[in-house]
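Since the structure comes first, as structure tokens, the remarks are kept for the end.
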Amino acid sequence: MFDSKKAAPAAVAVVAPAEPVLPISLSPEAQSALNAAEQSVIEGKIKRTLWSAAVEHLAKAKSAAKSFDSETTLKYAKETIALCELSNQQAQSPAVVW
């Protein structure tokens with residue numbers, strides 16, 4: 001019936017999940033995109049075609065780069081480059097006459 005001399009159940013090892021590894025640098029692709037975005041903004045300033053949205057996106061890319069978030073840096077850097085290209089195209093198009 002009831003045996004008081006049974007062995008205690010074996011101890012179960014509890015393993016805590018490993019903490020996520022934080023990156024210590026940007027990916028090469030994100031770094032080169034950030035450099036290209038910075039260059040595009042500089043060219044836009046020189047040509048006087050720079051849109052304020054491009055400056056805002058570059059600031060977001062730099063902020064993401066400070067925390068080594070390569071994906072977000074790449075996203076905003078590409079958007080900055082695209083905005084600078086669009087602003088250059090707009091400056092080259094003829095003025096609209098009403």
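If you're wondering where the values come from, they're calculated on a predicted model, not measured in any experiment.
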Out of curiosity, [X] [atom1] to [Y] [atom2], how far, rounded to the nearest 0.5 Å?
X   : Y   : atom1 : atom2 : answer
S70 : L74 : OG    : CG    : 8.0 Å
Q39 : C84 : CD    : SG    : 10.5 Å
N88 : L83 : CG    : CG    : 11.0 Å
R48 : S87 : CZ    : OG    : 13.5 Å
K60 : T73 : NZ    : OG1   : 13.0 Å
K78 : I81 : NZ    : CD1   : 8.5 Å

- request: Name all residues meeting the salt bridge (Lys or Arg N to Asp or Glu O under 4.0 Å) criterion together with E85; count only those two or more places apart in sequence or in a different chain, and write none if there are none.
  value: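 With neighbours one apart ignored, the set is empty.
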Which atom pairs, one a donor and one an acceptor, fall under 3.5 Å between side chains of residues 27-37 and the rest of the protein, sequence neighbours left out?
| residue | atom | partner | partner atom | Å |
| --- | --- | --- | --- | --- |
| S27 | OG | A30 | N | 3.2 |
| Q31 | NE2 | N35 | OD1 | 3.2 |
| S32 | OG | P28 | O | 3.3 |
| S32 | OG | E29 | O | 3.0 |
| N35 | ND2 | Q31 | O | 3.4 |

For residues 89-98, please give each side-chain donor-acceptor pair under 3.5 Å, one per line with the distance, not counting sequence neighbours.
| residue | atom | partner | partner atom | Å |
| --- | --- | --- | --- | --- |
| Q90 | OE1 | W51 | NE1 | 3.1 |
| S93 | OG | Q90 | O | 2.8 |

Donor-acceptor contact below 3.5 Å, side chain S67 vs main chain A64: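 Indeed, once roles are kept as given, a pair shorter than 3.5 Å links the two residues.
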task: Pick out which of E71, K62, H57 makes a side chain to side chain contact (heavy atoms under 4.5 Å, CB included) with Y76.
output: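 Answer after filtering E71, K62, H57: H57.
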task: Heavy atoms only: give me the nearest T80-L58 pair and the separation to one decimal.
output: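 Smallest interatomic distance, heavy atoms only, reads OG1-N, 3.2 Å.
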